[in-house]
Amino acid sequence: MAQARSGTLAVTFPSDTEILITRTVNAPRHLMYRAWTTPELVKKWWPGRRGEMTVADNDLRVGGAWRFVMTAHGEFQVAFHGTYREIVPTERIVNTEVMERPGAATASEEGAVLNTVTFEDTHDGGATLVSIRTEAGSKEVRDMIAKSGMEGGLREQFEIIEELAASLT
């Protein structure tokens, strides 16, 4: 598998149930991890350019819950939540993710996908290869996610998080 250069988002499908997203970001790994996990910083990049983040709750510990809510420019809410399964600071985060349905219990893990995010130093050490592997559970769910506009949203998110992480000290 080829690695992405900064500014290039690669989306591949390693199996019928998986999506793999990779992008090299011009910021050190520890700053990318910080931008990825700090609620005040997540609020700045997670909605991309598609709306405003209204909730960024993040109990960053194994067994801890997270919940992100944004109001999209179309004035509708989009909310996701999940639970952390594994955390290796600056290296790896494994968590469930559920897109909330109106009226559904937010504590439910029904329909959850499993995301594994890894942060790796590049050969020059000044940039970070971020990989997001999503195990969707079925080809139908994988394809639904892939057709949801996810790729465009991720491109926006990565552009913003790269600028944000590079500005941290």
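If you're wondering where the values come from, they're calculated on a predicted model, not measured in any experiment. When reading the values below, keep in mind they use all heavy atoms of this one structure, side chains included, and skip hydrogens, waters and symmetry mates.
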Is any side-chain heavy atom of [Y] closer than 4.5 Å to one of [X]?
X   : Y    : result
Q77 : E100 : no
P14 : R133 : yes
V11 : M150 : yes

hydrophobic_cluster_shared for [Y] and [X], side chain cutoff 4.5 Å:
X    : Y    : result
M53  : V55  : no
V69  : F76  : no
V42  : I161 : yes
W66  : L60  : yes
I160 : V78  : yes

Does [X] have any side-chain contact (heavy atoms from CB on, under 4.5 Å) partners at least two apart in sequence or in another chain, and if so, which?
X    : answer
D16  : K139, R142
R92  : E86, V88, V94, T116, T118
E135 : T17, E18, L114
R29  : T90, E91, F119, D121, T128

I'd like to know if the side chain of Q157 and the backbone of G48 have a donor-acceptor N/O pair within less than 3.5 Å. no
Using salt bridge (charged side-chain N to carboxylate O under 4.0 Å, His left out) as the criterion, list what pairs up with E156, not counting sequence neighbours. R50
Listed partners of R49 passing salt bridge (charged side-chain N to carboxylate O under 4.0 Å, His left out), at least two apart: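 Scan of R49 (salt bridge (charged side-chain N to carboxylate O under 4.0 Å, His left out), adjacent residues dropped) gives E159.
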Partners passing ring-ring contact (aromatic ring centres under 6.0 Å, His included) against F13 (at least two apart in sequence or in another chain): none
Closest non-hydrogen atom pair, [X] against [Y]:
X    : Y    : result
G51  : H73  : N-NE2, 3.3 Å
V98  : A112 : CG2-CB, 3.5 Å
T22  : S131 : CG2-OG, 3.5 Å
A165 : A27  : CB-CB, 3.7 Å

Report the distance from atom [atom1] of [X] to atom [atom2] of [Y], rounding to the nearest 0.5 Å.
X    : Y    : atom1 : atom2 : result
I132 : F158 : CD1   : CZ    : 4.0 Å
T134 : I19  : OG1   : CD1   : 5.5 Å
I145 : E97  : CD1   : CD    : 7.5 Å
E162 : N26  : CD    : CG    : 4.5 Å
L129 : T122 : CG    : OG1   : 8.5 Å

Distance-only donor-acceptor hits, side chain of residues 31-38, under 3.5 Å, sequence neighbours excluded:
residue	atom	partner	partner atom	Å
R34	NH1	T169	O	2.9
T37	OG1	Y33	O	2.8
T38	OG1	R34	O	2.8

Can you run down the side-chain hydrogen bond (donor to acceptor under 3.5 Å, both in side chains) pairs that involve residues 55-64, sequence neighbours left out, and say none if there aren't any?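 Output for this query lists N58-Y84, D59-R61.
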Please assess L168 against L41 for the test side-chain contact (heavy atoms from CB on, under 4.5 Å), listing each intermediate value before the final yes or no. CA-CA 10 Å; L168 298 174; L41 300 175; 3.9 Å; yes
Can you name the side-chain hydrogen bond (donor to acceptor under 3.5 Å, both in side chains) partners of [X], sequence neighbours left out?
X    : value
E163 : none
T71  : none
E151 : R155

